Engineer: 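Below: one structure in structure tokens.
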2 protein chains.
Amino acid sequence: MNLKELATKLGLSPTTVSRALNGYPEVNEATRERVMAAAKRHNYRPNTRAIRLATGRALAIGHVIPLATRHEIVNPIFADFIAGAGETYSRNGYDMILSVVPDDAEEQAYRDLKSRGTADGVILHAPRMNDPRIPLLHEIGIPFLVHGRATGTELPYPWVDVNNRRAFQRATEFLLDLGHTRIGLVNGLEFMDFAIRRRTGYVDALAARGISPDPRLMSSDEMTEVSGYRAASAMLDSASPTAFLVASMISGMGVRRAIEERGLKMGRDVSVIIHDDDLSYLKNGGDVPIFTATRSSVRDAGRIAAEMLLGIIANPGEAPDHRLLEAELIIGQSTGPAPRPDTTSGATPQTTPVKVQ
Amino acid sequence: MNLKELATKLGLSPTTVSRALNGYPEVNEATRERVMAAAKRHNYRPNTRAIRLATGRALAIGHVIPLATRHEIVNPIFADFIAGAGETYSRNGYDMILSVVPDDAEEQAYRDLKSRGTADGVILHAPRMNDPRIPLLHEIGIPFLVHGRATGTELPYPWVDVNNRRAFQRATEFLLDLGHTRIGLVNGLEFMDFAIRRRTGYVDALAARGISPDPRLMSSDEMTEVSGYRAASAMLDSASPTAFLVASMISGMGVRRAIEERGLKMGRDVSVIIHDDDLSYLKNGGDVPIFTATRSSVRDAGRIAAEMLLGIIANPGEAPDHRLLEAELIIGQSTGPAPRPDTTSGATPQTTPVKVQ
DNA sequence: AATCAAACCCAAACCGCTTTGGATGCGACA
DNA sequence: TGTCGCATCCAAAGCGGTTTGGGTTTGATT
């Protein structure tokens with residue numbers, strides 16, 4: 001059933017039927033109701049392909065996913081973000097299109113999205129420092145929104161991000177307040193912007209207490225279970241940390257494995273704080289979370305990002321907006337006071353007491 | 001730059017330019033080359049919206065994701081499947097569209113995909129027993145392919161699936177051969193088809209050795225870390241298993257936590273075999289896998305599924321094809337001989353020796 | 001009674017491509 | 001020389017909507 005058939009059946013012109021269905025004012029209310037009823041009765045759905053061509057809009061948002069030969073963006077965080085964003089798109093009549101391409105074809109993928117008219121806007125994932133994709137999207141002239149930020153980028157651009165620096169700063173302070181001074185940082189890859197910011201938060205918090213960071217206590221790698229395990233193992237074997245600050249739930253599991261493998265107990269012998277993206281299938285425990293964590297729902301971030309992008313598309317020409325989400329600090333079972341130093345191994349460095357926030 | 005402009009610039013009709021670019025025979029080779037060159041030079045990309053309308057094809061495949069209020073399909077397995085499928089789509093000039101909808105809107109989502117002409121076909125995820133979506137898709141009349149199978153469905157339908165029954169049967173036999181007789185099954189939700197098949201494999205293998213399954217050693221829940229932990233804890237505390245068969249890497253981590261929390265060592269005191277979907281960011285260790293596992297790449301499954309579906313769309317009317325993928329049994333560090341039974345606790349049931357496959 | 005503005009509705013153009021149904025020109029064949 | 005077939009190319013008709021630019025009525029205004 002298409003517009004023309006429906007119009008014929010109603011004894012009206014396609015024009016009127018179209019207007020009636022789309023809520024234009026120049027149609028009699030009685031007529032409109034008649035049209036609406038007929039449309040429902042015949043289960044009429046306008047053909048999206050025709051609407052797209054006629055209006056010149058794609059009614060779709062693109063997400064380009066470089067099929068990383070090296071590093072994976074197709075990760076659990078991405079899945080939850082997508083779920084949040086997709087929900088918003090559906091509610092607004094937009095389609096979500098995912099473009100999975102080899103990473104050397106990413107630029108072309110963006111260009112095609114624009115020149116072939118497949119998407120009205122795109123969301124940029126996993127920005128890096130000085131990310132070249134931001135100037136690229138500007139040049140292409142397609143509305144976009146960044147999930148995260150790109151340190152070093154001059155051009156203004158709209159974004160939504162978690163306050164990663166602050167989250168890790170708070171987490172570090174929390175550990176310091178518990179008496180920990182040898183805190184290992186198991187970070188994500190530090191060409192990723194969020195990882196840089198997290199390290200900054202960690203370093204700043206240490207510096208505020210007069211502690212200079214120990215390079216042996218700082219690692220940076222992909223956020224997998226195995227690399228969490230490796231990093232923590234190396235630190236435990238060489239630099240005697242009493243606490244860890246970990247980039248994700250998954251690497252946190254590796255860290256826990258390293259700890260327990262050494263006969264230590266997490267939360268008693270070694271404290272751990274992770275960043276928790278609040279993934280739906282990787283919940284951090286129930287009433288009492290397993291891990292103490294800085295928590296921020298990436299699914300909510302997806303929802304917000306989608307809403308912002310649709311806003312940009314609806315009102316072009318406005319100044320780039322942005323949104324900084326704060327992470328909660330959730331207290332779980334994985335943190336506790338720093339263990340009493342071994343009396344044979346000298347005194348621990350003293351820290352100024354500061355109230356727990 | 002559109003077709004008409006390009007044609008004018010070349011002094012040709014749109015018809016000829018279109019044919020030249022699409023490889024039709026009725027155009028002079030010299031002309032074709034001239035057209036191709038000009039198209040490249042002016043960076044001409046045909047407008048997808050127009051192609052779609054003109055050809056009546058959507059050039060897109062839909063994936064409907066019910067935004068589970070209860071159970072999550074937006075899970076890591078899904079993400080990797082999507083990556084595999086998306087790769088194939090891109091290579092073939094298809095778009096992948098994801099429809100994230102509340103789960104009571106799933107049926108309508110499929111209907112709309114068809115009636116609005118948004119997708120040429122769909123992939124059905126996470127089939128359940130007697131899944132109503134299969135008759136639905138038949139009725140709607142949209143080409144589709146099922147990732148998994150639906151026990152109890154009469155209608156023929158194309159699918160790609162892992163041989164879950166066999167995988168779990170082999171894994172169980174492997175444990176039996178190591179002398180384990182009290183094997184806990186930490187299964188996925190058993191209205192999911194794959195979970196049913198896995199249980200069947202487990203039960204069959206036990207039965208073949210004359211062991212009747214102990215209900216206390218069988219659990220079924222979502223495949224999260226926490227539920228793996230809960231299930232394993234309960235079994236360890238009440239039914240003294242010496243081995244576990246676990247539905248996923250993630251729940252396996254919970255099982256491991258339960259084991260280690262009790263001061264037991266995985267691989268020595270308690271053996272564990274998981275099913276490993278070979279997720280890119282959740283690799284099961286390196287040279288020596290952490291977990292002994294039945295492994296089958298869900299990403300490959302995505303690729304295969306996409307190829308099959310595109311084939312169905314290209315050659316409609318053929319009988320439904322299918323593909324059964326066998327899982328490998330990977331030996332890792334998490335399995336070992338059953339511990340000598342406590343001499344005070346009586347004899348263990350004797351099993352017939354059978355060669356390890 | 002003539003005028004005019006709403007209120008309603010419609011015919012036709014248009015979006016940018018594909019495809020049908022010819023034209024045209026030219027060498028070959030009878 | 002007339003006809004035919006083949007190689008090339010083009011005009012125009014879709015595809016299924018939206019939107020522009022009028023037409024008709026109708027009721028109020030002067």
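To find a chain, count down the sequence lines: A is the first, B the second, and so on, and within it residues start at 1. Because the structure is a prediction, the values reported are computed rather than measured.
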Engineer: Sugar-phosphate atoms are those with a prime plus P, OP1 and OP2; base atoms are the rest. Using that split, label each nucleotide of nucleotides 10-16 of chain C B, S or - for protein heavy atoms under 4.0 Å, 5' to 3'.
Structural biologist: BBB--BB

Engineer: Is any side-chain heavy atom of B:M96 closer than 4.5 Å to one of B:I82?
Structural biologist: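 In short, these two side chains touch, coming nearer than 4.5 Å.
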
Engineer: Whole-Å distance between C:dA23 C1' and B:E26 CD?
Structural biologist: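 The distance from CD of B:E26 to C1' of C:dA23 comes to 14 Å, rounded to the nearest Å.
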
Engineer: If I take atom CG in residue A:N28 and atom P in nucleotide C:dA6, what distance separates them, rounded to the nearest angstrom?
Structural biologist: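 For the pair A:N28 CG and C:dA6 P, the rounded distance is 18 Å.
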
Engineer: Can you tell me the distance, in whole Å, between the OH atom of A:Y24 and the P atom of C:dA7?
Structural biologist: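 Value for this atom pair: 18 Å.
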
Engineer: Tell me, do A:M1 and A:K9 make a side-chain contact under 4.5 Å, heavy atoms counted?
Structural biologist: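 Yes, their side chains come closer than 4.5 Å.
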
Engineer: How about B:M308 and B:D321: do any of their side-chain heavy atoms sit closer than 4.5 Å?
Structural biologist: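 B:M308 vs B:D321: side chains touch.
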
Engineer: Quick one: sort the B:F81 and B:H63 rings into parallel, tilted or perpendicular, breaks at 30° and 60°.
Structural biologist: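 B:F81 vs B:H63 ring planes: perpendicular.
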
Engineer: Taking 5' to 3' order, which nucleotide of DNA chain D is first and which is last to have an atom within less than 4.0 Å of a heavy atom in chain A?
Structural biologist: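 Under 4.0 Å from chain A, the extent on DNA chain D is D:dG16 to D:dG21.
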
Engineer: For A:E307, what residues pass the side chain to side chain donor-acceptor pair (under 3.5 Å) criterion, not counting sequence neighbours?
Structural biologist: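 Here no residue qualifies.
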
Engineer: Could you give me the CA-CA distance, side-chain angles and deciding distance for B:I65 and B:H125, then say whether side chain to side chain contact (heavy atoms under 4.5 Å, CB included) is met?
Structural biologist: CA-CA 8 Å; B:I65 309 169; B:H125 295 277; 5.7 Å; no

Engineer: Base, sugar-phosphate alone, or nothing: which one does A:T48 contact when heavy atoms must sit under 4.0 Å apart?
Structural biologist: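 Since no nucleic acid heavy atom lies under 4.0 Å of A:T48, the category is nothing.
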
Engineer: Heavy-atom distance under 4.5 Å between the side chains of B:R303 and B:D300, does that happen here?
Structural biologist: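 Touching, per the 4.5 Å side-chain cut-off.
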
Engineer: Measure the acute angle between the ring planes of B:F144 and B:H138, then classify it against the limits of 30° and 60° as parallel, tilted or perpendicular.
Structural biologist: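 Geometry flag for B:H138 against B:F144: perpendicular rings.
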
